[in-house]
Amino acid sequence: MIEVSCTIKSALKGQNFEVTLKPHLTVEEKRLAAADPYEYMEQYFTLNEDLKQMLESSKDSAKLDAMKRIVGMIAKGKNASELFPAVVKNVASKNIEIKKLVYVYLMRYAEEQQDLALLSISTFQRALKDPNQLIRASALRVLSSIRVPIIVPIMMLAIKEASSDLSPYVRKNAAHAIQKLYSLDPEQKEMLIEVIEKLLKDRSTLVAGSVVMAFEEVCPDRIDLIHKNYRKLCNLLVDVEEWGQVVIIHMLTRYARTQFVSPWKDDAVVEEYNENNFYESDEEEKEKDQKVKNTYTMDPDHRLLLRNTKPLLQSRNAAVVMAVAQLYWHLAPKSEAGIVSKSLVRLLHSNREVQYIVLQNIATMSIQRKGMFEPYLKSFYVRSTDPTMIKTLKLEILTNLANEANISTLLREFQTYVKSQDKQFAAATIQAIGRCATNITEVTDTCLNGLVCLLSNRDEIVVAESVVVIKKLLQTQPAQHGEIIKHMAKLLDNITVPVARASILWLIGEYCERVPKIAPDVLRKTAKSFTNEDDLVKLQILNLGAKLYLTNSKQTKLLTQYVLNLGKYDQSYDIRDRTRFIRQLIVPNEKSGALSKYAKKIFLAQKPAPLLESPFKDRDHFQLGTLSHTLNSRATGYLELSDWPEVAPDPSVRNVDVAESAKEWTGILGKPKKEKPTEKFYSESEEEENESSSTSASESESGSESEKENKVEGSSDESSGSSSSSEESSDNESDSKESTAKERYRAADESDSEDIKQKAKGISKKRSTSSSSDTESTSSEESSSDSKSESDSKSESGKSRSATFSKKEEKPVQDRKAPNKQDVFLLDLDDFCPVTTPVAVPTPAVLSPSLTADLEGLSLSSSSVIDVTTQVSVPTKTHELLHRMSGKGLAAHYHFSRQPGIFGDHMVSVQVTVTNTTDQKIENIHIGEKKLPPGMRMHDFNPIECLEPAGSITVSMGIDFCDSTQTASFQLCTKDDHFNVNIQPPVGELLLPVTMSEKDFKKEQGMLTGMNETSATIAVAPQNSTRLVIIERVVKAANLGVVPSGQDNIHRFAAKTVNSGSLMLVTVELKESSTAQLIINTEKTVIGSVLLRELKPVLSQG
Amino acid sequence: MIHSLFLINCSGDIFLEKHWKSVVSQSVCDYFFEAQEKAIDVENVPPVISTPHHYLISIYRDKIFFVSVIQTEVPPLFVIEFLHRVADTFQDYFGECSETAIKDNVVIVYELLEEMLDNGFPLATESNILKELIKPPTILRSVVNSITGSSNVGDTLPTGQLSNIPWRRAGVKYTNNEAYFDVIEEIDAIIDKSDTKIFNLIFNSVEESDNFCVSVASVKKFHLPLCCYLQNPRLLDDVSFHPCIRFKRWESERVLSFIPPDGNFRLISYRVSSQNLVAIPVYVKHMISFKENSSSGRFDVTIGPKQNMGKTVEGVVMTVHMPKAVLNMNLTATQGSYTFDPVTKVLTWDVGKITPQKLPNLKGIVNLQSGAPKPEENPSLNIQFKIQQLAISGLKVNRLDMYGEKYKPFKGVKYITKAGKFQVRT
């Protein structure tokens, strides 16, 4: 054992040795190159020669080795371009690693060797057609990364093609390629925008981030492209990968600023105006907000955005958290923006760079709304080990947050900082103290005293900074500080820092009348050292002289003239200039004009106190979280955040078309079923959204004849303008709608008008609850159901509709009392109805495709390329499960409801109707022992507690048949009996219909030939030869989706098997003399042939 | 977005460059070097630097600068976060993110960078996907590769990339499903001179390393195979989650329900607010003084444990940045060993385990530069420690439920409390 491991080790060493040898050599060469370039070149070429040979060898390992060394060269930034011809040959290599490395090489050098690069193009073009999506994607990636202008048309074509690829991954890559092509050739902009428009409609979460990125880069101003996709993007956001989230959030922030009115309304003005008034408490702010709320109602779309971004504050990615924070900052009502602070503070536990950026943003935020971060004051305390830049930022924030309440603790904290070994930081602290002192008048004296103490500090920088700050402070209230000025005058002997000296001189000059004894003496001293002073100090000496000359000319006349003479011959022209100016102004002579009379006023004018401001003050005009904000200057490509519009643009542009297909489907909806107890589903749907499709299933189940009519009504109504989402609009409108709605119902109903009305009331009642919780804004997040989109809440009410429907028999009177105001929602509801919950993947019912698209994106399993559609027809045929004779009076029938995925993706749903034909109650009907073939699973229905005599009840259960027609046997039990029953599915029920275009159909069909194809020629009864009849019959026999067909004589149907999701493609091609070719393409050949057998009689029989 | 990436070591050599768009010359890094020179300390190099035509955003990790070149407006955190993700990936692949590791594996590094970014926009950053695309180097594999000529590039194409749950590989199956939770809590605190604690926040992360089976079918399904119940989750003031966690359930029930990725990952990070007063497990008695007019000072530090539920405090290390005027230190430690670096002026005292009977003490004389003024500030003490089997916030993993399988999974939970940024002012 030991020996073996030893050999491995030694083998390994050998290998390592070989590999590491080369880099060593190259380092050597580098040195050589410095010594003798010519010799080096020679060696270099021989080296490359060697590589070329390796590349041309027949062995993959040699090639790979060569490629690895070349990549090593590229990584070091060495030129390897002359190997291009040898490398490009290997682009079609079978070995994946070689291929990848060649790609790396190509992307790096293709630009320089355009002609040769063209050699590789055909390989990529071929790969673009590969059946494997990943190969298609990577081919597109490389093709678009080769920056060769000649291939622009090829790229354009490839992008167009890829943008309608079935695989979302390929489409994602297409979105990336858009940006690359755009940077290569901006001429293509128009065409690319078309592609972007198309991809924006894409509902895959994979694509969303990338296409928005492309949008931002190519056409950020085409905000109109977003309208229709706005809600979808909001809903998808949570499921998009983290990088995409950042981009989308930033884009939506800009979008929202152009589309909604300001939620800050008037208080925005007030707020800014009040900025100097730091004492505004939170309560006041809240009150203000409340006031505003009375007049302002937020656009539901605006709310939707805020609601859907909130969970992202919990992201692990700091960039996402920051993006949400800036969104709330720029878009949320001021009262709500506070929720981001907690998350931002959390980010401070991260590494230095993240801290830096986050602190910068907090600094800007804290200037405007200090209340947001006040509770976290202590999180900004500085550690001695923090880097200086972090320290300064923290200090900045602490200063911004200072108020009367916390100033004493803050000052104590500042005292620690002043003593810091990091003198730069200590100086910044002194400035911070100065700012606190001016901002909070209560502590000005304390601060001043503290600063004066610092004047005796040993460190010069600290002293200098204190002097400067004291100067500023004294300026604000000069009256009572003669002592301090005297003290500072004494300091002049010791301080050497120019700024500080200049400050002291200025102070003495400015208040020379308060210190009449000292001032001339100071001038005397400084005049002596004038020549050795810094320019800054010299100017102040001149100033001091001038001011003293004007106030106390008796003592200082000669001194001043001496100083002026010195200044006259100074090296700096600035000082010479100043000297001349002062002399003319103060020394009266005949030439001097009227100005000298006012000299005193000019020099000793009351000067306004400087405002000590935060250096972050001016950053707020940049969008937070951007590069421009960090740099405090416009970065290239920075997109200005526009101001809120005065009046919101038409919100209806964001409505998605829902009318189109509703009609089409309703016509062939299956026969109505009786309502059934569905309580269970609601409770379930609350906790497990994925299962909630069951509710919508029961929903369409209960769709009665009259409901269909409603739907037609609803959809025709759509155009007439129940602009679906603006339900919180005006009351008048709703009133009128209400009446029309009622009229319609009266007209529409013939038989069950009673039912509908009650139902309608029921809905509206539900509706009202859900909508009210909507307006509650923040609380709405609590309930899982509400945190979804607007349309979602509609679907929510859609769900509850069948609940009320089933309940209404018990208490119809109560339901009648539904508030009539909300009746208006009936219309909205019907527009969307029947609606499904967004998470249910295979979206059942007659939901319009666009809305489905919006909602479906939420689901995690939308990765399947082809989408399962709604069932087109529900077969009316019921099968007997238990005859009443053998069941001792208990009869059971079942039928396949064709509802996909109620209990799970792989379950076929079965509706079982249990009837009690006895004259006694039957209690506790449930499923007992199951005898299922291996692999098969079953989801029981909820036990029926009690069945009244002559009563019947319908329950649904799910069975996973594993794509086989094997029988599911189980026991149907009552309280005191059990009966063996079994269900055998017809093959047509093991399918779920899918929609696809004809093109896709053909493509898929092309991949399923040979073994996977079964066909038969059948005779077709003459009355069966029309399109409608064929579709009707086929769809009735098997759960297939209709594929639109270009030819009249060919009819195509598509479905996938419930369990394994394999495609099942059915083609009916009518031939002459009433025969037809029936072709089935599928991987599941067994099912295929069974299906063929079953479909045959369907068409041939009359 | 991200145009190019340069990796620069501490001595200023650019040892790797990668371009995702057209090539940017190395000379752009001169601006960076300039800033680096100005900053003196590496820690102080600004993360964002503006140059005439580009912007440089950099991070500093493990003695390497990752400098990315940007041309247009981009959220800086986006880039910073990504660069850290790159460094994490290197760490994950090579065990360390050092210059030598990167140089030795330059081809893998290049392949990784190629997959992680497309045209400057992140493509695959999830370690699970990357590992499917490019296999991490192992000793065995490199031997096998050299014999068989096979490669590090995975020949199966990653399917995870195509799904919405990119963190999970497809078809992972284990005979034994085991989930290990590491609850690591870090205490951030500044303890003031007067021994009043200024604030202490606990930052923690529950890291999970697991070996969990989920069949492909149940991944596709919505049923989540794992549910983790925490005791007193209300403690948590603020949390951030791995994307696999279902936020809805957390919101409504405070239950962590998720399909775990394969391998180690950070499940949640949370912060316990300072309102929940958490006892600090150690105390420090210190006496540091510098005498005026004499070139010496006294140094006396004792560390002791506070009540922490009978758990021992281990791995105690104290580091002190002494003032510049300090020339040398003559100390005696009753426990552990100390070192003083006269160049950087850093005193490190490795204490080890604290036994309450005999408290560790470090005492002695500080030699100051003669003639130099006495340092006005006493240095802060940075302390590290570790307590096994204790989550100081009181958080516990109560129960672990699994869906889709009948048997109970093996669950292991390990609690560790550590010092985060723990500083004692003197």
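Chain naming here is simple, since letters A, B, ... match the order of the sequence lines and numbering starts at 1 in each.
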Chain A contact via B:S58 - side chain, backbone, both or neither, heavy atoms under 4.5 Å: backbone

Exam field: side chain B:E73 to backbone A:S628, donor-acceptor pair closer than 3.5 Å: yes

Portion of A:Y109 that has a non-hydrogen atom of chain B nearer than 4.5 angstrom: neither

Which atoms of B:F78 approach chain A - backbone, side chain, both or neither, heavy atom under 4.5 Å: both

Toward chain A, the part of B:N44 with a non-hydrogen atom under 4.5 Å: both

B:L113 portion near chain A, given a 4.5 angstrom heavy-atom threshold: neither

Side chain to side chain, A:M107 and B:K21, heavy atoms closer than 4.5 Å: no

Proximal component of A:K59, with respect to chain B [non-hydrogen, under 4.5 Å]: neither

Part of B:F15 within contact of chain A (heavy atom distance under 4.5 Å): backbone

Within-4.5 Å side-chain heavy-atom neighbours: A:N351 and B:Y60: no

Chain A contact via B:E17 - which portion, at a heavy-atom distance below 4.5 Å: both

B:H321, part contacting chain A, at a heavy-atom distance under 4.5 Å: both

A:Q179 side chain to B:N119 backbone, donor-acceptor under 3.5 Å: no

Atom group of B:F6 that falls short of 4.5 Å from chain A, counting heavy atoms: neither

B:V42 versus chain A, the contacting section by heavy-atom distance below 4.5 Å: backbone

Residues A:R316, B:E81: salt bridge by 4.0 Å N-O rule: no

Engaged part of B:I80 at the chain A interface, taking heavy atoms whose separation is under 4.5 Å: side chain

